[in-house]
K.L.:
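If you scroll down you'll find the structure; I have some questions about it.
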Amino acid sequence: MTGRFLLMFFCFLVFLSAGCNSPARKNAQFLFPDEDSIPLSQAEQLSEEAIDDITRNISSPVEISNILQRMNVPFSNSYLASSIDASRITTSFDRALKLGILGADLGYLNMYEKTGNAIDILSSIKKLADGLNVGQFFDFETLKRLSLNKSNLDSLLFLSLESYNKIDRFLREKGRGQLSALMITGVWIEGQYLATQVLKQYPDTLLRNRVGEQKVILNDIIMLLAPYCNVSKEYTDLCRDMQELKAKYRDVKVTFTLGEPQMVEKDGALVVIQTDRSYVEMSEEQLEAIISTTEKIRNRLISN
Amino acid sequence: MKKLLALITSVLFLPVILTGQTGDPFVSKCVMSTGPNSIYLKDFRIQLGKASSATDFRYKQVFALSKNMKYRFTLCNSEDSQGELIMKLVDDTGRTILTSYDPKTGKTFSTVEFVCNKTGTYKILFDFKDYQQGLAVGVVSLIK
């Protein structure tokens with residue numbers, strides 16, 4: 001009899017705790033800080049379809065790291081946002097932005113197989129994600145284990161990026177799109193910082209063009225942030241920063257020529273080679289202005 | 001008493017299992033099949049009902065692709081999916097760059113590689129062949 005009573009009591013406790021930890025339940029109640037929830041009337045309304053048409057470039061640091069490896073650029077700790085102290089960050093704005101910045105650093109570390117160094121960043125990411133109530137999307141124990149075991153780098157990269165993709169999806173579905181926009185902005189600015197800093201030391205046409213072509217992606221980032229620019233001073237400042245960077249890109253010309261794609265079948269797969277070409281016209285002065293403005297913005301964002 | 005403890009322990013861990021800390025096995029399996037030298041970038045889980053007619057592919061996502069990068073699209077159908085997943089890629093001018101299905105020959109490809117020479121925002125569209133109902137995953141990966 002006592003055993004049955006104990007069992008029922010434990011089941012009741014477990015039921016309660018499971019309900020309290022459910023993200024859906026949290027969202028339905030009032031557990032998010034006020035700043036997490038922006039009434040639609042305050043945001044410049046974009047249609048859902050328009051927002052869905054804006055790209056969310058979470059994987060860009062992985063692509064940039066891939067270019068750096070092709071250039072034989074050695075890894076450097078100096079590019080990382082090491083000054084971020086996650087335990088001192090108190091606002092959702094900073095948490096989301098820095099979650100993106102550290103996500104980009106994690107991608108860079110993983111691509112260079114510096115997985116041992118990733119442990120500290122993973123700990124910071126965990127704190128930031130927990131602070132935003134999205135920690136459930138990171139399997140930190142597995143990520144840490146994979147970081148310490150270099151033999152499974154593909155799984156590490158997959159789990160890291162998949163976690164960020166899930167957070168992005170979750171935040172948008174739960175009406176917290178402004179945090180998703182901040183996270184994407186953080187990822188992008190850190191990737192842009194990495195590319196421009198490397199370019200200062202290792203001039204390379206491929207990387208230079210990549211930086212020039214970011215004019216296209218920056219426009220998407222600005223559109224993503226646009227609905228929230230008047231929400232608070234920190235959003236306004238970020239939007240102003242992005243507009244300042246956009247101004248540096250104003251005279252950079254990205255042109256295209258069109259061509260018919262070439263298709264071949266190889267080993268059972270369809271291989272399509274795009275024959276369109278894009279060209280970047282960017283002077284040294286324009287590039288220098290983009291590099292210094294990127295550096296200024298990124299360093300302001302990582303200061304606690 | 002031992003049985004009781006075991007039961008309590010299993011019940012205590014039940015929420016951990018139910019909240020789904022691990023990834024979707026279907027997605028993981030598809031990622032595993034993307035082949036060597038590929039780096040996962042994004043996955044799309046597509047679940048659609050049967051449509052009698054449709055003017056275009058019904059599932060759309062936007063993705064930035066970069067010049068000088070080689071991407072691989074891997075399409076994985078659920079075992080009990082009635083339809084076969086097909087995709088097409090459309091550039092920012094609205095031009096179709098590739099399709100995984102040739103309606104003239106009826107041939108479909110579950111793996112499509114794309115050598116990108118123009119950075120931009122692309123639309124990735126998915127549907128099931130003949131607008132059947134189905135469940136599938138599409139994975140975008142970067143080829144090293």
Side-chain angles (χ1 to χ4, degrees), chain A residues 3 6-7 10-11 13-15 17-19 21-23 52-60 62-63 66-67 69 111 136-137 139 142 154 157-159 161-163 165-166 206 209-210 213-214 216-217 220 254 256 258-259 261 263 265-278, chain B residues 1 3-4 7-8 11-16 18-24 27-28 31-32 35 38-43 60-69 72 89 91-93 95-100 102 107 109-123 140 142 144:
Chain A
L6 267 173
L7 177 60
F10 269 103
C11 286
L13 280 180
V14 167
F15 175 75
S17 68
N21 284 326
S22 151
D52 284 346
D53 274 353
I54 301 171
T55 184
R56 318 177 85 79
N57 221 24
I58 285 174
S59 54
S60 62
V62 169
E63 294 183 8
N66 183 253
I67 295 174
Q69 287 179 322
M111 284 292 284
Q136 69 271 27
F137 295 108
D139 185 349
T142 305
D154 289 346
L157 272 165
F158 165 52
L159 272 184
L161 267 177
E162 192 203 25
S163 303
N165 285 330
K166 280 181 179 171
L206 183 65
N209 287 340
R210 168 90 189 194
E213 286 168 344
Q214 292 308 297
V216 180
I217 308 298
D220 277 357
V254 183
F256 307 101
L258 299 180
M263 299 186 196
E265 197 178 328
K266 189 181 170 189
D267 301 328
L270 178 67
V271 180
V272 180
I273 301 163
Q274 188 177 34
T275 57
D276 293 0
R277 291 282 183 273
S278 58
Chain B
M1 192 61 189
K3 278 183 183 173
L4 178 66
L7 191 60
I8 288 171
V11 171
L12 278 172
F13 280 99
L14 190 64
V16 178
L18 291 179
T19 48
Q21 291 288 332
T22 55
D24 182 338
V27 174
S28 304
V31 172
M32 295 284 280
S38 66
I39 304 167
Y40 161 91
L41 297 180
K42 189 141 183 150
D43 63 87
K60 179 187 79 177
Q61 285 288 326
V62 179
F63 202 73
L65 300 175
S66 299
K67 185 180 176 177
N68 294 310
M69 292 288 163
R72 180 177 290 144
L89 188 70
D91 73 7
D92 53 4
T93 67
R95 273 193 323 153
T96 297
I97 304 297
L98 63 88
T99 59
S100 69
D102 184 349
K107 189 162 189 175
F109 294 90
S110 59
T111 303
V112 181
E113 292 183 2
F114 176 56
V115 180
C116 182
N117 279 312
K118 191 179 86 171
T119 297
T121 303
Y122 291 78
K123 286 190 176 80
V140 185
L142 181 71
K144 286 186 223 174

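Sequence lines set the chain letters: A, B, ... in the order given, protein chains first and strands last, and positions in each chain run from 1.
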K.L.:
Counting heavy-atom pairs closer than 4.5 Å to chain B, which one of A:Leu258, A:Asn209, A:Thr275, A:Val254 comes out on top?
P.N.:
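The answer is A:Leu258.
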K.L.:
Do the non-hydrogen side-chain atoms of A:Glu213 and B:Ser66 ever get within less than 4.5 Å of each other?
P.N.:
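No, side chains not in contact.
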K.L.:
Would you give the length of the straight line joining atom CG of B:Asp24 to atom CD of A:Glu162, rounded to the nearest 0.5 angstrom?
P.N.:
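Answer rounded to 0.5 Å: 7.5 Å.
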K.L.:
Would you say the side chain of B:Met69 lies within less than 4.5 Å of the side chain of A:Ile67, judging by non-hydrogen atoms?
P.N.:
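Counting from C-beta outward, A:Ile67 and B:Met69 do come under 4.5 Å.
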K.L.:
Do B:Met32 and A:Phe158 come within less than 4.5 Å of each other through their side chains, counting heavy atoms only?
P.N.:
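B:Met32 does not reach A:Phe158 side chain to side chain.
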K.L.:
Is a donor on one side and an acceptor on the other found under 3.5 Å between the side chain of A:Gln274 and the backbone of B:Asn117?
P.N.:
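Yes, the answer is positive, given that a donor and an acceptor are paired below the 3.5 Å cut-off.
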K.L.:
How long is the gap from CG on B:Asn68 to CG on A:Leu206, to the nearest 0.5 Å?
P.N.:
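Interatomic distance, B:Asn68 CG to A:Leu206 CG, rounded to 0.5 Å: 4.5 Å.
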K.L.:
Give, as side chain, backbone, both or neither, the part of A:Gln69 having an atom under 4.5 angstrom from any heavy atom of chain B.
P.N.:
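Interface part for A:Gln69: neither.
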K.L.:
Using a cut-off of under 4.5 Å for heavy-atom pairs, which of A:Asp276, A:Val271, A:Ile273, A:Val216 has the most such pairs with chain B?
P.N.:
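Counting heavy-atom pairs under 4.5 Å, the top option is A:Asp276.
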K.L.:
What distance do B:Thr119 atom OG1 and A:Ile217 atom CD1 have between them, rounded to the nearest 0.5 Å?
P.N.:
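B:Thr119 OG1 to A:Ile217 CD1: 7.0 Å, rounded to 0.5 Å.
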K.L.:
Testing the basics here: between A:Asn165 and B:Leu41, what is the closest heavy-atom pair and its distance to 0.1 Å?
P.N.:
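It is ND2-O, 3.1 Å.
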K.L.:
Please state whether the side chain, the backbone, both or neither of B:Leu142 comes within less than 4.5 Å of a heavy atom of chain A.
P.N.:
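B:Leu142 touches chain A through side-chain heavy atoms alone.
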K.L.:
Test of understanding: with side-chain contact (heavy atoms from CB on, under 4.5 Å), list the residues that count as partners of B:Asp92, not counting sequence neighbours.
P.N.:
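By the side-chain contact (heavy atoms from CB on, under 4.5 Å) rule, B:Asp92 matches B:Lys118.
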K.L.:
Which atoms form the tightest heavy-atom contact between A:Asn66 and B:Lys144, and what is the distance?
P.N.:
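Scanning both residues, the minimum pair turns out to be ND2-CA, 4.0 Å.
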K.L.:
For B:Val31, is it the side chain, the backbone, both or neither that has a heavy atom under 4.5 Å from a heavy atom of chain A?
P.N.:
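Contact with chain A involves the side chain of B:Val31 alone.
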K.L.:
For A:Leu270 and B:Thr99, which heavy atoms make the closest approach, and how far apart are they?
P.N.:
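Result for this residue pair: CD2-O, 3.3 Å.
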K.L.:
Measuring heavy-atom distances to chain A, does B:Arg72 have an atom under 4.5 Å in its side chain, in its backbone, in both, or in neither?
P.N.:
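Interface part for B:Arg72: neither.
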K.L.:
Is there side-chain contact between A:Lys266 and B:Glu113, with heavy atoms separated by less than 4.5 Å?
P.N.:
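They are not in side-chain contact.
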K.L.:
Mind running side chain to side chain contact (heavy atoms under 4.5 Å, CB included) on A:Phe256 and B:Asp91 for me, showing each step along the way?
P.N.:
CA-CA 12 Å; A:Phe256 307 101; B:Asp91 73 7; over 6 Å; no
